[in-house]
Number of protein chains: 2
Amino acid sequence: MNKEEQLITNFRDLFNKMVWINKYKMEDRLKGHTPSEVHCIESIEKNVDSNVRELAKSLYMTRGAISKLTKKLMTKKLIESYQKPDNKKEIYFKLTPQGKEIFRIHEDLHKEFRERDKVIFEQITDEQFEGVLHFVEKYSSHLDEEIKKQGLTIN
Amino acid sequence: MNKEEQLITNFRDLFNKMVWINKYKMEDRLKGHTPSEVHCIESIEKNVDSNVRELAKSLYMTRGAISKLTKKLMTKKLIESYQKPDNKKEIYFKLTPQGKEIFRIHEDLHKEFRERDKVIFEQITDEQFEGVLHFVEKYSSHLDEEIKKQGLTIN
DNA sequence: TTTATTTTGTTGACTAGGAAACAAAATAAT
DNA sequence: ATTATTTTGTTTCCTAGTCAACAAAATAAA
């Protein structure tokens, strides 16, 4: 296995591992809410005026899935929808107070995870860290280019 | 958003993006086989004597899922099972010639993806590359430690 | 050896999410 | 203004994967 391949593999493995180890505390602390629901809540809070399409894009899911997910979150009273006076088609979402509470718990959990992994970030120098960050960003925008080149679209 | 958080976010975004952009060519070239099936074939070929439990662990799926997945791959004649003379319980898998063909196509695709992303790796110096790789590995084994500490197990 | 515990794989009920067809609204074209 | 096209969200059907209960085999304990 060459280096590039190895990096991608390790990358994927790290990602899976992280999702998996975090899952337990998440499930415990956010009992009754799926990761997707929480993730959706996070996205709604962090971006102003999220509608179905935007959420689909940022969560890498289909509009159909988001449609169902938001409906579920509405029946749970965690989010509510609103529209703009000049547009009868697009539906936007915002958190209810209960939704914000979930958001807060989620943020706290992330703070814990960050604490747990602090040693990793303490061990490396600033420039090493910048190197990694820069690499990820560069790779990401390269893929954006390729996506554009291939004419792929989120639908 | 602090730096650690940002790295994780970019990280996740890059990962999703990569899965997504690769999906199209995959689906085209490996029509009739799901990503999971292909991933499973890959794992069987790359590790000797994979059984259900091992596959579950390496693919981050439940044993139940692997049980069904391997069954499907068997009816498709892409893999076959075997047992060891001294153990009537554990079931191991290996690829059939048709399975190996799928494996080969998958490998070729990865070669293409590597080619597509070559520029990224060409742009960075060896030591920058090593830095990234080292970081990922370090993080991964840190999580291994934490997993052990928390007494989590794959079941 | 006999019994209890653990490991391994399987099955059935259930759920999340994708694909595609659809309706309604918005925008573009004429 | 009218018509055609595109965008946005919804719904139905279907599949992949989880969970939990289970049986059989292997291992540990007695």
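Everything quoted here is computed from the prediction, not taken from an experiment. Below, read A as the first sequence line, B as the second, and so on, with proteins coming before strands; counting in each chain starts at 1.
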Just to verify, what does A/K23 make a side-chain contact (heavy atoms from CB on, under 4.5 Å) with, not counting sequence neighbours? A/E27

For B/E115, which residues count as a side-chain contact (heavy atoms from CB on, under 4.5 Å) partner, sequence neighbours excluded?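 Counting only residues at least two positions away or on another chain, B/E115 forms a side-chain contact (heavy atoms from CB on, under 4.5 Å) with B/K118.
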
I'd like to know if A/R104 and A/E107 make a salt bridge, using a cut-off of under 4.0 Å between side-chain N and carboxylate O.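 Not counted as a salt bridge, because no side-chain N and carboxylate O are separated by less than 4.0 Å.
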
Salt bridge check: are A/K46 and A/E42 linked by an N-O gap of less than 4.0 Å? yes

Suppose the criterion is salt bridge (charged side-chain N to carboxylate O under 4.0 Å, His left out): which pairs have a residue in residues 69-87 of chain B, not counting sequence neighbours?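 Listed by first then second residue: B/E37-B/K72, B/E37-B/K76, B/D49-B/K84.
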
Taking C-beta and beyond as the side chain, do [X] and [Y] meet within less than 4.5 Å on heavy atoms?
X      : Y      : result
A/H106 : A/M26  : yes
A/F129 : B/L7   : yes
A/L30  : A/L109 : yes

How many Å lie between [atom1] on [X] and [atom2] on [N], as a whole number?
X     : N      : atom1 : atom2 : result
B/R63 : D/dC19 : CZ    : C1'   : 11 Å
B/L59 : D/dA16 : CG    : P     : 15 Å
A/M26 : D/dT18 : CE    : C1'   : 19 Å
A/I79 : D/dG9  : CD1   : P     : 12 Å

Nearest nucleotide by nearest heavy atom, which residue falls closer to the 5' end of DNA chain D, A/N51 or B/K88? A/N51

If you assign each of A/I91 and A/K23 to its closest nucleotide in DNA chain D, which residue comes earlier from the 5' end? A/I91

Where at least one partner belongs to residues 62-89 of chain B, residue pairs that pass ring-ring contact (aromatic ring centres under 6.0 Å, His included), sequence neighbours excluded: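 Every ring-ring contact (aromatic ring centres under 6.0 Å, His included) pair that includes a residue of residues 62-89 of chain B, provided the two are not neighbours, is B/Y82-B/Y92.
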
Taking side-chain hydrogen bond (donor to acceptor under 3.5 Å, both in side chains) as the test, write out the residues that go with [X], two or more places apart.
X      : value
B/S140 : A/K17
B/R114 : A/E5
B/E127 : none
A/E45  : none

DNA chain C: 5'-most and 3'-most nucleotides touching chain A, 4.0 angstrom heavy-atom criterion: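 Nucleotide range in contact with chain A: C/dA16 to C/dA26.
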
Using a heavy-atom distance cut-off of less than 4.0 Å, which residues of residues 64-77 of chain A contact DNA chain C?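 Residues of residues 64-77 of chain A under 4.0 Å from DNA chain C: A/A65, A/K68, A/K72.
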
Taking DNA chain C as the partner, which of residues 28-44 of chain B come within under 4.0 angstrom of it by heavy atom?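 None, since no heavy atom is under 4.0 Å.
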
Angle separating the five-pair end axes of the helix from C/dT1-D/dA30 to C/dT30-D/dA1, nearest 10°, is 30°

